[in-house]
Amino acid sequence: MEAAEDSTTDIAVLASVASVALSWYQFFVRGDREMGLFVGLWAPTIIGFASYFNQKRMERKLASLGPSRIKDSIEQMLSGR
């Protein structure tokens, strides 16, 4: 399950890197500066959406644990230091 969740983030990072590469190609190789800037703005948007969906997923997991299990988990993490 965790591998599938991590792969979602990996896909977002790969898409952002591809966006930056395409942006550079458009800007420097093809000389289309406006398209290069436009495509370059995709990368932070993709990362923003990925962050939002990851945060929502974490929120759902915390809600399903319940207050007492969250407290126990935090205490267990802190005692392991």
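Index from 1, following the sequence.
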Interatomic spacing from [atom1] in [X] to [atom2] in [Y] - rounded to 0.5 Å:
{"X": "Arg33", "Y": "Phe28", "atom1": "CZ", "atom2": "CZ", "answer": "7.0 Å"}
{"X": "Lys56", "Y": "Arg60", "atom1": "NZ", "atom2": "CZ", "answer": "8.5 Å"}
{"X": "Leu14", "Y": "Ile46", "atom1": "CG", "atom2": "CD1", "answer": "10.5 Å"}

- For the residue pair Phe53 and Phe49, does the interplanar ring angle fall in the parallel (under 30°), tilted (30 to 60°) or perpendicular (over 60°) class?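 Plane angle under 30°, so parallel.
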- Item | Linked, directly or transitively: Val17 and Trp42 (ILVMFWY side chains, under 4.5 Å) |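 No, separate clusters.
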- Query: Linking I/L/V/M/F/W/Y whenever their side-chain heavy atoms sit closer than 4.5 Å, directly or via other members, would Val29 and Phe38 fall into one cluster?
  - Reply: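 Yes: a chain of side-chain contacts under 4.5 Å links Val29 to Phe38.
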- Item | Identified side-chain contact (heavy atoms from CB on, under 4.5 Å) partner of Ser23 from the options Val39, Leu41, Leu37 |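 Output: one option passes, namely Val39.
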- Message: On a heavy-atom basis, which atom in Ala12 and which in Ile47 lie closest, and how many Å separate them?
- Response: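 Closest heavy-atom pair between Ala12 and Ile47: O-CD1, 4.2 Å.
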- Minimum heavy-atom distance Ala43-Ser19, with the two atoms named: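 Closest approach of Ala43 to Ser19, heavy atoms only: N-OG, 3.4 Å.
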- Between Leu78 and Ile74, is any pair of side-chain heavy atoms under 4.5 Å apart?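 The answer is yes; the side chains approach within 4.5 Å.
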